[in-house]
Amino acid sequence: MAKTSTIQIQVELDNDRIPEKIEWRATDSTQADRFQQAKAMMVAFWDGADKTALRIDLWTKQMMVDEMADFFFQTMMTMADTYQRATPYKDQADELRTFARDFYKKFEEKQKAEQQ
């Protein structure tokens with residue numbers, strides 16, 4: 001018999017429907033008995049019939065710009081890892097990693113310029 005794993009996501013919204021709180025838990029997590037807090041989330045599903053990506057991107061009011069840059073950098077790096085595992089195209093995974101590093105470097109430069 002196949003095993004089922006469940007992922008739960010709870011989003012608390014303000015009156016303008018802006019996320020104030022994001023919590024999640026997964027049955028296969030080491031902390032499945034309680035919800036974990038998050039400031040942002042990105043979830044993507046692939047619709048094979050329509051050949052489209054279905055996405056949910058949310059972030060709370062507490063998410064700072066530097067945290068968003070870190071989040072994007074880390075997400076792009078893990079996407080590159082996933083792409084490399086799923087395809088024979090290591091060169092493209094490396095290109096995504098290079099883009100992610102350049103993206104983050106440009107962010108740091110902008111932050112530095114704004115502080116001066």
Side-chain angles (χ1 to χ4, degrees):
M1 182 171 203
K3 183 178 189 293
T4 300
S5 181
T6 301
I7 299 170
Q8 292 179 286
I9 300 168
Q10 292 185 166
V11 180
E12 184 178 307
L13 305 172
D14 69 8
N15 290 337
D16 295 321
R17 301 185 51 85
I18 297 172
E20 288 192 335
K21 187 176 182 182
I22 299 170
E23 297 179 313
W24 69 277
R25 71 178 173 191
T27 55
D28 285 347
S29 169
T30 57
Q31 298 180 16
D33 59 327
R34 63 184 182 91
F35 279 92
Q36 304 293 308
Q37 294 230 358
K39 286 187 175 182
M41 62 176 264
M42 290 185 210
V43 179
F45 298 95
W46 180 248
D47 182 331
D50 287 340
K51 301 230 183 269
T52 57
L54 309 170
R55 302 169 20 115
I56 303 169
D57 300 328
L58 297 174
W59 57 95
T60 65
K61 299 175 194 179
Q62 295 80 26
M63 185 77 165
M64 304 305 295
V65 172
D66 62 322
E67 292 176 306
M68 187 62 84
D70 287 338
F71 184 44
F72 268 73
F73 171 74
Q74 291 179 32
T75 299
M76 286 186 277
M77 293 298 276
T78 57
M79 287 173 61
D81 295 341
T82 301
Y83 190 79
Q84 184 172 337
R85 284 193 311 273
T87 72
Y89 307 121
K90 181 183 181 309
D91 60 322
Q92 286 188 292
D94 288 338
E95 286 178 27
L96 183 52
R97 289 183 191 99
T98 298
F99 175 81
R101 283 191 280 281
D102 290 344
F103 169 88
Y104 196 77
K105 182 180 176 185
K106 288 176 184 176
F107 165 76
E108 289 178 317
E109 291 168 356
K110 286 181 180 189
Q111 288 287 100
K112 193 178 211 180
E114 288 175 5
Q115 292 173 357
Q116 293 179 358

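We use all heavy atoms of the structure for the numbers below, so side chains are in, but hydrogens, waters and symmetry mates are not. Keep in mind it's a predicted model, so treat the numbers as computed, not measured.
- The hydrophobic cluster around Met64 extends to none of the other residues, as no ILVMFWY side-chain heavy atom falls under 4.5 Å of it.
- Using a cut-off of 4.0 Å between Lys/Arg side-chain N and Asp/Glu carboxylate O, Lys106 and Glu108 are scored as not salt-bridged.
- Legend: residues meeting ring-ring contact (aromatic ring centres under 6.0 Å, His included) with Tyr89, ordered by chain and number and at least two apart, are absent.
- Side-chain N/O atoms of Arg97 and Gln84 include a donor and acceptor closer than 3.5 Å.
- Heavy atoms from other residues, nucleotides or ligands lying under 6.0 Å from CD1 of Ile18 number more than 12.
- Counting only N and O atoms by type, the side chains of Thr27 and Thr6 include no donor and acceptor under 3.5 Å apart.
- Here the side chain of Asp14 pairs a donor or acceptor atom with the backbone of Asp16 at under 3.5 angstrom.
- Under a cut-off of 6.0 angstrom, the local environment of CZ in Phe73 is crowded, with over 12 non-hydrogen atoms contributed by other residues, nucleotides or ligands.
- Contact between Ile22 and Lys39 at its shortest, heavy atoms only, is CD1-O, 3.9 Å.
- Annotation: Lys61, atom NZ; neighbour count of heavy atoms from other residues, nucleotides and ligands within 6.0 Å is above 12.
- For the pair Lys90 and Asp94, the salt-bridge criterion is met [side-chain N within less than 4.0 Å of a carboxylate O].
- The two residues Pro19 and Val11 make their nearest non-hydrogen contact at CB-CG1, 4.0 Å.
- Distance check, rounded to the nearest 0.5 Å: CZ of Phe72 to CZ of Phe107 gives 12.0 Å.
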